[in-house]
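A quick write-up on the structure given underneath.
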Amino acid sequence: MNDSSSSLSGPARLLLAIAYPLLAHWASHEGSGVLAALALADLVVFVTIDGLLGLRALPWLATALLLGALAAIAPTPYAQMLLLTPPVLFNAWLAWWFGRSLRAPREGLITRIVAALHGCAPRELAPDLYRYTRRLTLLWACVLAGLGLVNGALAMIAVPDGVLAQLGYTPALAITQEQWSWFANILNYGVVGGMFAGEYLVRRRLFKDRPEKGFFDFLRKMAQLGPGFWKELFS
């Protein structure tokens, strides 16, 4: 991917990430298969955006095929059913990555991020900070796994497009599609954002030697790590 397309990839992916929960919640509120397909199309482009901007044939072909499939199922109940899966799969995938990073010889994801902010190797962090970051990585893995399980359970009992309802079973305990969406597409992000901000406040009290001057400087320094760092982190 050339420099111009690379510079567009980050902002484009950010816009797609912001648009997805809004589109998904709108689709669930309206019960619309077309809107559900549109939200899922947003996710497809989110995943393939680098290849699309790089004008590579395979990503363009894969995107075209997936968008065609979504257009085909848009008038059917399957679009709404598919909309149930991203919150489960995404949280499960992130939980797996966080947990996987704790296995030797890897270093925990949070440990690597904090070390990068301090400008040192993970093992060069102060011992108490090193232990803290590893435990925090484990906590994130557990929280994300828990969110994935809750999203999966709610997807089972949502009506009218939940898994059990679509299979012809009436859940003993049921929630509406819109209630499911409030949790999956809105509250999920609140939980993650609240934990992120809360953890910063805890770390600020526990560790006085920090490379940032405040929360917004912390966010700025995180952004300055660059797309290459974040891409390598999850590779």
Side-chain angles (χ1 to χ4, degrees), residues 1-21 41-63 66 86 89-126 129-141 143-145 147 188-189 192-193 195-197 199-200 203-204 207 209-235:
M1 187 163 56
N2 58 42
D3 291 341
S4 60
S5 59
S6 179
S7 65
L8 291 174
S9 175
R13 185 171 274 117
L14 177 62
L15 290 175
L16 290 165
I18 294 172
Y20 173 74
D42 177 281
L43 279 187
V44 169
V45 178
F46 177 87
V47 172
T48 62
I49 186 68
D50 287 342
L52 296 178
L53 292 175
L55 300 179
R56 299 201 298 270
L58 187 58
W60 273 93
L61 177 60
T63 302
L66 289 169
L89 297 178
F90 184 64
N91 280 302
W93 175 74
L94 283 177
W96 179 76
W97 272 109
F98 273 85
R100 173 179 177 264
S101 72
L102 293 170
R103 295 180 59 186
R106 298 183 178 91
E107 294 286 1
L109 291 183
I110 303 297
T111 306
R112 291 173 62 187
I113 294 170
V114 172
L117 291 173
H118 281 262
C120 66
R123 290 286 179 175
E124 294 174 350
L125 292 170
L129 182 57
Y130 181 81
R131 288 191 298 271
Y132 174 83
T133 56
R134 284 187 62 83
R135 290 168 182 169
L136 182 59
T137 301
L138 177 60
L139 177 61
W140 271 107
V143 169
L144 291 165
L147 286 174
N188 257 352
Y189 298 94
V192 171
M195 183 175 168
F196 181 81
E199 184 280 321
Y200 174 79
R203 184 156 43 88
R204 184 177 178 182
F207 302 100
D209 182 21
R210 300 183 312 278
E212 77 282 347
K213 298 177 181 178
F215 185 67
F216 291 105
D217 188 44
F218 168 64
L219 295 179
R220 183 180 64 82
K221 288 184 182 298
M222 290 270 284
Q224 285 180 338
L225 293 177
F229 170 82
W230 296 105
K231 187 173 183 179
E232 181 185 357
L233 188 70
F234 286 96
S235 64

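Scanning all heavy atoms of the two residues, the minimum distance from Pro122 to Tyr130 falls at O-CD1, 3.4 Å. Taking each heavy atom of Ala145 and Ala95 in turn, the nearest pair found is N-CB, 3.5 Å. Heavy-atom minimum distance, Ala115 versus Ala121: CB-C, 3.9 Å. In terms of heavy-atom proximity, Gly99 sits nearest to Ala141 at N-CB, 3.8 Å. For the pair Phe46 and Ala17, the tightest heavy-atom approach, listed with the atom from each and the gap, is CE1-CB, 3.9 Å.
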All N/O donor-acceptor pairs, side-chain side in residues 220-229, below 3.5 Å, sequence neighbours left out:
residue, atom, partner, partner atom, Å
Arg220, NE, Asp217, OD1, 3.1
Arg220, NH1, Gln224, OE1, 3.4
Arg220, NH2, Asp217, OD1, 2.5

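Contact of the Leu16 side chain with the Tyr20 side chain is not registered, since no non-hydrogen atoms from C-beta on lie closer than 4.5 Å. Looking only at side-chain heavy atoms (C-beta outward), Ile49 and Leu53 come within less than 4.5 Å of each other.
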Give the C-alpha distance, both sets of side-chain angles, the deciding distance and a yes or no for side chain to side chain contact (heavy atoms under 4.5 Å, CB included) between Leu139 and Val143. CA-CA 6 Å; Leu139 177 61; Val143 169; 4.1 Å; yes
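Atoms CD1 and CG, from Ile110 and Leu136 in turn, are 5.0 Å apart once rounded to the nearest 0.5 Å. Here the CD-CH2 distance, from Glu199 to Trp140, works out to 8.0 Å after rounding to the nearest 0.5 Å. Interatomic distance, CZ of Phe196 versus OH of Tyr200, reported as 9.5 Å (0.5 Å rounding). Leu89 CG to Trp96 CH2: the interatomic distance, rounded to the nearest 0.5 Å, is 14.0 Å. From Thr133, atom OG1 reaches atom CD1 of Ile113 across 10.0 Å, with rounding to the nearest 0.5 Å. One distance of note links CG of Leu52 with OG1 of Thr63; it measures 4.0 Å at 0.5 Å rounding.
Between the side chain of Thr48 and the backbone N or O of Pro59, no donor-acceptor pair lies under 3.5 Å. Side-chain atoms of Thr137 never come within 3.5 Å of backbone atoms of Phe98 as a donor-acceptor pair (strictly under, hydrogens ignored). A distance-only check finds no donor-acceptor pair linking the side chain of Thr111 to the backbone of Glu107 [under 3.5 Å].
Residues meeting the ring-ring contact (aromatic ring centres under 6.0 Å, His included) test with Phe207, sequence neighbours left out: Tyr132. For Tyr189, the ring-ring contact (aromatic ring centres under 6.0 Å, His included) test picks out no residue, with sequence neighbours left out.
Remark: Asp50 does not engage Arg56 in a salt bridge, criterion side-chain N to carboxylate O under 4.0 Å.
Taking the six-membered ring for Trp and thresholds of 30 and 60 degrees, Phe215 and Phe218 have ring planes inclined between 30 and 60 degrees apart.
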